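Each remark here refers to the structure printed beneath this line.
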Amino acid sequence: MTVAKVIVDVPAKQTDRPFDYLIPEHLEEMIQPGMRVIVPFGPRKVQGFVERLESESSFSSLRKISEPMDLVPVLNKELLDLAEWLSIHTLCYKISAFQAMLPPALKAKYQRKIKLLAAKEVVSEPFHFLFHERSEILWEDALQTVSLSSIQKEVKNGNLEVIYEVQSRANKKKVKHIYSRLDEHELKTALESLNKQANKQRTVIEYFLKHNQSIEQRLLLSELNTSSAVIKGLIEKGILAEQEVEMYRDPYKEREFEKTFPLKLTDEQTKVIQPIHASIHNKEHEVFLLYGVTGSGKTEVYLQSIDKVLKKGEEAIVLVPEIALTPQMVNRFKGRFGDKVAVLHSGLSVGEKYDEWRKIQRKEVQVVVGARSAIFAPFENLGIIIIDEEHEMTYKQEENPKYHAKDVSIKRGMTHNCPIILGSATPSLESFARAQKGVYTLLTLQKRMNNNPLPPVEIVDMREELREGNRSMFSRLLLEKLADRLVKKEQTVLFLNKRGHSSFVMCRDCGYVMKCPHCDISLTYHQYNNLMKCHYCGYEEPTAKICPECSSEHIRYFGTGTQKVEEELTKIMPEARVIRMDVDTTSRKGAHEKLLNQFQDGKADILLGTQMIAKGLDFPRITLVGVLSADTMLHLPDFRSSEKTFQLLTQVSGRAGRHELEGEVIFQTYTPEHYSIELSSQQDYDLFYSREMMIRKSHSYPPYYYITLITVSHEQLTKAVSVTEQITKVVRQKLLPNTVVLGPVASPISRIKNRYRYQCLIKYKQEPNLKTVLKSILDHYQGDISSNGLQISIDVNPFLLM
DNA sequence: AGCACGCCGACT
DNA sequence: GTCGGCGTGCTC
């Protein structure tokens, strides 16, 4: 007897364990660990993953696997183990871990239907219409016309049956090909027997006489300028036949990749690459922190390291932050390694992602360049993992499983005995501290490749501007430089990390601020549709002309978004051509690339944008970078806000003067004396690091302490508070005395979607029992979670404390 | 997560 | 006496 241990697709505490199933005889040979199967589960059918096979079960009345969903396992042994590890370390369900590792196309789709068993006349009257000319109907559709109880009644009587279907989302793209079923001689005969009027059919047969091979229908039709009706006729006559051919969607098909070759390395690069190559050669796991200023040629180091890996017949994963996955970035890898590269990012459709993933699974590519989830690429001979811009937040997933790609990469690096490169111009304090301690190997690139100096940064004190009567969002210095660039036909990048129009709307008479009715957050004004929008729950309402509180007409828009800047800019400098890039203008597929191309082609003078323009932009004519308000992030309730500000400002400054023309940078700020603004203007990472480390130490924050955040949410404030109180108490009791437990406190965003949020923050150096304690807390509140609408979220090593 | 089972209040 | 509310517990 073979028993399959199956993890079912039911994300709940009680089902977070393997269930045993018998394997039907005819599948005995084919079912393997890592395959998806459809299994009966209670009254329904669900998708499940075979975790392992065993020869017996302690459970007596086993049910059978209904059918397999894969011919080949979608998870190999390593990934199955990795899922186990993930679920332990991030406290997530196994099934969530499996799903995080696979492309979304492999997630099951469920359909519930009701099926007519008896004759139509037997069921009650309302059903007659439903089952008119069909015997099955979707559950949701049925409920539109008949009541739940009437369905139940008919089911009880045996007239109806509820059936559950599991479908795969994965659809391989198929193309219709047409071929001839006859040989040359037969074709000629067919041609003669053709009706005189059948001119189109004649040309088709003549075509197949000339080229007797299978051809894609689409091509055939366009070549012969005919329609599918003609082909259909010939198929019916038995002359032609069609066949579905599976193919890949290739999002990069239409594009030419200019082949690039290894560049001659600078002395610094050579020095840096040696230990990496040694580690690849010796198959040693080692984590390198590649600390190199912007423009110092980190990418070339990556490329030549990958090249070495490929020559050994091994594979490489390159992670890039989502917003940096620009065509420019992809080009660099495709240009060097051609079709050995698969690309995985959120811009692809579900089908495209699936195809790229299959290329990896079928070993048709050796390199994958992708965002966070690409860390789970099913390679079996990994030779290197590279994480570019390792300090970026996007590597931490905020939903379950709340994993950090860096941790996963190190885990995989250990199993494959391969090196990891973490690259950054502004390493996270965690990584730099580990490098200082010798846990990671520090490699440094201090010089820019072209030996250009970093662009000089000028800080403008906006309070001063205000005092001298300039109330606009542009300082006089910035306007002056902008005008200068316009004359010189050079380009400017203006950076602002806020989309929309104004950040909030306030009544000047009574101070009323428009807030979301479901969340504790102010609404953001969006000019293009004249709506107030909540960025957390999506709530929208029309803009108010008078204050809802005191009926005053003195409603004012505060803060500045990209839209408003664009408006102002066109007012002040009507001759300047501006391209705005933010979530609103780049949401359409390909819009991002299109806007960048326009800018590159010199069709605009100013590129105005949010976060997304801080990275990867490398255009020779950019000589001015302006940061409109350098301190917007500084005052967020987050212990990393200084670090983030430093990183962002350094990053943005790096956009200027990367080529022959020298660049300049302007930071506008209300707090010019703040060390992260001052030190980023001097590009002094080392000093920033030591300043910030002192602060982290005195407040017991990472990297000195680990942190874990527990967030409790409930519709009732009192429930949220009391549960958090209890949790905090238990945590204090059960953890070590030198562990700091903060809370209960309201979350920085105290309410989202009508749920009150309270939290408890744990800071610890070493806490061997942490996972056990946290698990027992989740167990304890199991009842409230499943029936009472209580939610408890646990984030081990969170990036956002919100 | 779903769904059945089961135990109490408001109706024919 | 029955219909239907939702608390409890199970799914191999």
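Predicted, not measured: the structure shown is a model, and the values here were computed from it. Per chain, numbering begins at 1; letters A, B, ... match sequence-line order.
Relative ring orientation between A:Phe98 and A:Phe49 is described as tilted, the plane-to-plane angle lying within the 30° to 60° band. Between A:Phe799 and A:His404, the ring-plane angle classifies as tilted under the 30° and 60° cut-offs.
A cation-pi contact, defined as under 6.0 Å to the ring centre and within 45° of the axis, links A:Arg358 to A:Tyr354. Cation-pi geometry between A:Arg751 and A:Tyr756 is met: under 6.0 angstrom from the ring centre, within 45 degrees of the axis.
Taking the ring centroids of A:Phe19 and A:Phe41, they lie under the 6.0 Å cut-off.
Contacts between chain A and DNA chain B, taken as any atom within less than 4.0 angstrom of a protein heavy atom, begin and end at B:dA1 to B:dC3.
A:Tyr164 comes within 4.0 angstrom of sugar-phosphate atoms only, judged by non-hydrogen atoms across all strands, and of no base.
In terms of modelled atom types and a separation under 3.5 Å, the side chain of A:Glu390 and the main chain of A:Ser428 share a donor-acceptor contact. With A:Lys396 contributing its side chain and A:Asn797 its backbone, the two residues share a donor-acceptor pair below 3.5 Å. Between the A:Arg757 side chain and the A:Val712 main chain, no donor and acceptor come within less than 3.5 Å of each other.
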Tabulate atom names and distances for all N/O pairs under 3.5 angstrom spanning the protein and nucleotides 6-12 of chain C.
residue	atom	partner	partner atom	Å
C:dT11	O3'	A:Gly42	N	3.0
C:dC12	OP1	A:Tyr21	OH	3.4
C:dC12	OP1	A:Pro40	O	3.2
C:dC12	OP2	A:Arg63	NH1	2.5
C:dC12	O3'	A:Asp20	O	2.6
C:dC12	O3'	A:Arg63	N	2.8
C:dC12	O2	A:Asp20	N	2.7
C:dC12	N4	A:Arg17	NH2	3.4

